[in-house]
Amino acid sequence: MAAPAPLLADEDPSFAELLALRPQLTMHAHDGLTLEDVPLARVAREAGTPSWVYSAATLRRRYHALRGALADAQLPAEVHFAVKANPNLAVLRTLAKEGAGADIVSEGELRLALAAGIAPSHVVFSGVGKSLAELRFALSRGVGQINAESAEEVAMISAVATALNVTARVALRVNPDVDPRTHAKITTGKSENKFGVPILDAPALYARMVATPGIAAVGVATHIGSQITSGMSAYSAAYRALAELVRELRAQSLPVEVVDCGGGLGIPYRDEPAPSPAALAGAIKAALGNSGAKLMVEPGRWIAGPAGVLLASVILQKRTGMRRFVILDAAMNDLVRPAMYEAWHGIIPVSPGDYAAPVSPCDVVGPVCETGDTFARNRGLPPLEPGSLVAFLDAGAYGAAMSSTYNARPLAAEVLVDGDRLAVVRARQTQEALLAGQSVPDWLT
Ligand code: LLP
């Protein structure tokens, strides 16, 4: 007996519901799905697929929405964009021109931020394992702040700074042991996570930092996790713990100039209720508004996620028994989030005809030789002919940034649109570039 036909995942929002919440994307009767004023079909013609497509206006709008929320709450806060979310140079340049600083975690990200025109003084160096070479590079470039995550790292920073004869501005990242109720792989502020120093150890270490050569102890930092959509309670608990720590340090006459409140603000990928920047600003203000410290936030996803789509073409549709598979030219090597975090991304047909056609359940997959190369199961999509285009929504953060060349697949192109302008801002990797750097030792020739 045949297996029963798969049912649509009935909670999924419709295409129209997805677009209604994303003003940067509109469906036009003639041009089809359009990002800002650029039809995605035009992007496919000019840049090919798969391609990442970013909306400059959305980056600007979201950056200013976040700044505005902090300003409305009268918080003296700086916004450092978490480069890891989207390290594309044109994206960074777009944000730099609006005044954004950068939160970086490697020499490579620092080089990108500087190349984008972000002043070194406007860069915070985060991360649990910065190498001596990276610290040397960062301090020789005058990086504005290093967030240290252990006593061992404080010693490394001191050694490098004294050798270079500079003073490193160092904040201490503390682990407040709160549960932000997000995916386990992106939870960072629980005691079992590798990040930060236990908050109970912080006062003694901070006092030692103040007395350490080459180091100016400037404050404290935390970052409790990413894609936080469960309300403000974990944030509030973390910020109250930070405020308490600041009071304790000052009571010991230790200077605290800066409090870095981290990133993590979630976005609605499907229909999750996601907190607003105003809610985040409120949580910061309630705990730290009277601290007198300069405040910092380091959002990545909230700014860049909704600003990007991944544009892909259908290679073919195949049917096996009762299942329909839509096989795309994008794969898990491009967008790994569904395979890695069971993430849900909206998938919308680009042509007006496909958009309007009746949907039925299908599995949307890539060509990579792993069952995990599945973007969606039982997703409602119309019949899609080879060459039909689809757009993955909210792919502007942790999309291209996490892609690989698995299965010897070249990295996809990246495109920036601004109004009706379009520019390829990262060329598709060539087959030659994919092989570059490899060699066969002479004993094998
Ligand atoms: N600051 C620090 C120290 C971080 O580790 C992160 C992200 C951020 C800021 C920015 O967090 P956001 O505002 O973007 O949530 N690849 C995962 C997300 C990993 C986040 C890692 N750290 C994903 O695709 O969901």
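Atoms within a ligand are numbered from 1 in the order they appear, just like the ligands themselves.
The contact set between ligand 1 and R173, taken as ligand atoms under 4.0 Å from a residue heavy atom, comprises 3 (C). Near P299, meaning under 4.0 Å from any of its heavy atoms, are these atoms of ligand 1: 13 (O). Heavy-atom proximity to I186, at under 4.0 Å, picks out these atoms of ligand 1: 17 (C), 18 (C), 19 (C), 25 (O). Heavy-atom proximity to G263, at under 4.0 Å, picks out these atoms of ligand 1: 13 (O). Atoms of ligand 1 lying under 4.0 Å from at least one heavy atom of M402, given by number and element, are 16 (N), 24 (O). Of all atoms in ligand 1, numbered sequentially from 1 with element shown, those under 4.0 Å from a heavy atom of R337 are 23 (C), 24 (O), 25 (O).
A salt bridge links K84 with D103: the closest approach of a Lys/Arg side-chain nitrogen to an acidic carboxylate oxygen falls below 4.0 angstrom. Ion pairing of R169 with E257 is present here, as a side-chain N (NZ or NE/NH1/NH2) and a carboxylate O approach within less than 4.0 Å. A salt bridge links R111 and E107; the closest N-O separation between the charged side-chain nitrogens and carboxylate oxygens is under 4.0 Å. Ion pairing between D72 and K285 fails under the 4.0 Å rule for side-chain N and carboxylate O.
Contact annotation: for A85 versus ligand 1, there are no heavy atoms closer than 4.0 Å. If you look at H80 next to ligand 1, there are no close heavy atoms at all, none under 4.0 Å. No part of M340 comes within 4.0 Å of ligand 1, judged by heavy-atom distances. In D103, the part holding a heavy atom less than 4.0 Å from any atom of ligand 1 is the side chain. Heavy atoms of K84 found under 4.0 angstrom from ligand 1 belong exclusively to the side chain.
The option from W302, F81, Y341, F125 that lies nearest to atom 16 (N) of ligand 1, judged by heavy atoms, is Y341. Which of H223, E298, Q227 comes nearest to atom 6 (C) of ligand 1 through a heavy atom is settled by distance: it is H223.
Polar contact with ligand 1: present for Y398 (N/O pair, distance under 3.5 Å). Ligand 1 has a nitrogen or oxygen under 3.5 angstrom from a nitrogen or oxygen of G300. Considering backbone and side-chain atoms alike, G264 places an N or O below 3.5 Å from some N or O of ligand 1.
A donor-acceptor pair shorter than 3.5 Å can be found between the side chains of N147 and Q145. Between the side chains of Q227 and Y269, no donor N or O sits under 3.5 Å from an acceptor N or O.
Atom 25 (O) of ligand 1 has its closest protein heavy atom at R301 NH2, 2.8 Å. The protein heavy atom nearest to atom 15 (O) of ligand 1 is S226 OG, 2.4 Å.
In this structure, the side chain of S236 does not engage the main chain of S233 through any donor-acceptor pair within 3.5 Å. Under a 3.5 Å cut-off, the side chain of N88 and the backbone N or O of A90 do form a donor-acceptor pair. Without hydrogens or angle criteria, N378 side chain to P361 main chain gives no donor-acceptor distance under 3.5 Å.
Ring geometry, F15 versus Y355: the interplanar angle falls from 30° to 60°, so the pair is classed tilted.
Both cation-pi conditions hold for R379 and W344: the charged atom is under 6.0 angstrom from the six-membered ring centre and inside a 45 degree cone around its axis.
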